[in-house]
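It should be emphasised that the depicted structure is a prediction, and the values quoted were computed from it without experimental measurement. Order of listing sets the numbers, starting from 1, for every ligand and every atom in it.
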Amino acid sequence: MSTIKATQRLAMLPAVDFGQYLFGNAARQMQASHSLYNALRMHGVAKLVNYGVDESRVHETFDQSRAFFNLPLGQKMKASHPELASPHRGYSFVGQEKISGISGFADGFAPHDDLIDVKETLDCGNPVDREYPNRWPDADDLPKFQGVMENAFHSYHGLLLQVLQSLATSLDLPPEYFSGLHSEMHHEMRLLHYPSGTVGDFKNGNTRIADHTDFGSVTLLAQDSIGGLEARVRGTANPTYAAVESHPTELLVILGDCFQRWTGDKLRAVAHRVSMPFETDINDNTAVLPERFSVAFFGKPDREVRVGNIDAPHFKTGTSYPDITAGEYNNQKLFKTY
Ligand SMILES: O=C(O)CCC(=O)C(=O)O
Ligand SMILES: [Fe+2]
């Protein structure tokens with residue numbers, strides 16, 4: 001199988017100044033909402049700047065992530081992922097999760113579940129979830145880690161609610177319509193590390209993360225400056241990918257399956273994957289891919305929330321989605337990956 005990489009950069013992805021929504025007057029809020037909605041409707045992904053989370057907090061999260069993944073495997077395994085995948089908690093080693101199991105899930109394509117994602121991850125959930133407690137590295141190894149991640153979780157939750165309110169307004173729904181469905185904080189925050197490798201390592205068809213759509217409502221994603229994130233371009237017959245570039249202090253908003261289901265395809269989930277940085281020379285098998293880090297906050301509706309089409313005429317003109325619960329939908333997909 002040949003090496004895969006994006007053939008273009010995602011054009012027209014302007015940065016949305018979300019400070020205008022968070023702190024501006026009604027007119028500015030409307031303008032920011034409009035820009036966010038348009039980008040998401042067009043691409044399924046948008047880019048935010050000034051989104052109200054301190055840059056120092058973002059850097060701290062990346063620093064702690066780097067420190068964690070730099071630990072010897074034995075120390076990382078002290079936080080090892082439990083056998084059950086739902087919900088995700090703790091450390092998963094390279095090859096443990098296979099997103100290839102759900103590639104093409106919605107299109108009915110046969111999954112390539114012989115392929116692995118060349119990544120390792122650490123997942124955490126709501127810091128006060130007693131049913132599924134988080135798994136942290138030893139405080140002797142990384143004393144600040146838990147505090148930094150819990151803070152980040154709360155910051156991203158607060159921002160998620162604002163993004164959801166902005167989208168509800170754009171869809172002519174009451175502002176709290178979506179945020180009210182996320183009160184139990186069933187989100188998952190994931191630190192990702194893609195180890196360094198060469199172009200040759202990917203010639204068997206493995207990727208850093210295989211093509212997929214996210215299962216939840218909205219994912220907030222920060223990536224370092226290495227590159228490699230790619231989104232499926234809309235409206236092309238053969239799957240075509242475009243590089244999605246951002247700085248660590250910019251935040252990507254990625255639409256997940258629940259929005260597509262709720263809105264009957266008005267706002268569609270975007271298929272994406274992580275391959276090689278755009279500039280990589282794929283003909284040179286010895287070319288080195290630097291290691292890459294990212295932080296994903298997967299916004300998830302409360303487990304009992306229904307994720308069929310919203311009961312209003314303008315959400316029923318597209319595909320009709322069965323009215324199952326968010327928890328059931330999540331598990332259907334998740335169990336194919338672990
Ligand atoms: O690492 C990234 O930039 C994307 C990760 C991703 O798509 C995911 O974990 O669902
Ligand atoms: Fe994703």
Side-chain angles (χ1 to χ4, degrees), residues 4-6 10 13 40 43-48 58 61-62 65-66 69 81 85 87-106 116-125 156 160 187-197 202 206-232 241-260 268-278 289-300 330 333-334 336-338:
I4 48 175
K5 188 172 77 72
L10 191 61
L13 193 64
L40 290 177
H43 302 296
V45 53
K47 191 190 285 186
L48 303 185
V58 179
T61 310
F62 273 94
S65 172
R66 187 176 288 271
F69 290 114
H81 193 294
H88 281 307
R89 297 288 184 262
Y91 173 68
S92 302
F93 50 84
V94 175
Q96 193 169 352
E97 185 186 54
K98 289 178 174 172
I99 288 293
S100 53
I102 52 161
S103 288
F105 184 86
I116 68 159
D117 301 328
V118 188
K119 68 174 190 331
E120 51 179 347
T121 54
L122 182 121
D123 290 286
C124 58
Y156 286 130
L160 174 77
H187 324 302
E188 286 163 12
M189 187 171 90
R190 167 170 278 196
L191 308 178
L192 297 109
H193 174 228
Y194 303 85
S196 170
F202 292 91
N206 285 343
T207 48
R208 286 188 145 171
I209 185 165
D211 170 82
H212 65 283
T213 54
D214 290 345
F215 317 172
S217 49
V218 159
T219 302
L220 304 174
L221 180 82
Q223 58 172 339
D224 64 15
S225 307
I226 299 300
L229 177 66
E230 301 175 354
R232 180 103 62 95
Y241 290 84
V244 182
E245 294 171 334
S246 63
H247 297 291
T249 54
E250 297 171 331
L251 196 70
L252 297 169
V253 176
I254 297 177
L255 280 181
D257 297 339
C258 295
F259 258 98
Q260 175 160 338
R268 281 185 297 146
V270 61
H272 56 283
R273 67 184 187 191
V274 180
S275 182
M276 303 182 214
F278 190 67
L289 312 181
E291 65 176 341
R292 175 176 183 273
F293 293 87
S294 62
V295 177
F297 184 83
F298 301 106
K300 302 251 166 125
N330 190 62
K333 248 182 125 171
L334 188 71
K336 293 185 185 293
T337 65
Y338 229 76

Would you check if the side chain of [X] reaches a backbone N or O of [Y] as a donor-acceptor pair within less than 3.5 Å?
X: Lys47; Y: Val244; result: no
X: Ser217; Y: Cys258; result: no
X: Asn206; Y: Ile116; result: yes

Report the C-alpha separation of Tyr91 and His81 in whole Å, then their side-chain angles, then the decisive distance to 0.1 Å, and conclude whether the side chain to side chain contact (heavy atoms under 4.5 Å, CB included) test is met. CA-CA 5 Å; Tyr91 173 68; His81 193 294; 5.9 Å; no
Does only the side chain of [X] get under 4.0 Å from ligand 1, or the backbone, or both, or neither? Count heavy atoms.
X: Ile209; value: side chain
X: Arg292; value: side chain
X: Ile254; value: neither
X: Asp214; value: side chain

Minimum-distance protein heavy atom relative to atom 9 (O) of ligand 1: Phe298 CZ, 3.4 Å
What protein heavy atom lies closest to atom 4 (C) of ligand 1? Include the residue and the distance to one decimal. Val274 CG2, 3.7 Å
Answer yes or no for His212: is there a heavy-atom contact with ligand 1 below 4.0 Å? yes
Ligand 1 contact by His272, heavy-atom criterion under 4.0 angstrom: yes
Atoms of ligand 1, numbered as shown, that sit under 4.0 Å from any heavy atom of Tyr194: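 That gives atoms 1 (O), 2 (C), 4 (C), 5 (C) of ligand 1.
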Output the list of atoms in ligand 1 that are nearer than 4.0 Å to some heavy atom of Leu192, sorted by atom number. 9 (O)
What I want to know is whether Ser294 and ligand 1 share at least one N or O pair that is separated by under 3.5 angstrom.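 N/O-N/O distance below 3.5 Å exists for this pair.
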Rounded to 10°, the OD1/Asp214 to the Fe ion (ligand 2) to NE2/His272 angle comes out at 100°
Geometric cation-pi criterion Lys5 and Phe278, 6.0 Å radius, 45° cone: yes
Should the pair Glu230-Arg208 be classified as a salt bridge under the 4.0 Å nitrogen-to-oxygen rule? no
Between Phe298 and His187, is the ring centre distance below 6.0 Å? no
Please name the pair of heavy atoms, one in Tyr156 and one in Leu220, separated by the smallest distance, quoted to 0.1 Å. O-CD1, 3.7 Å
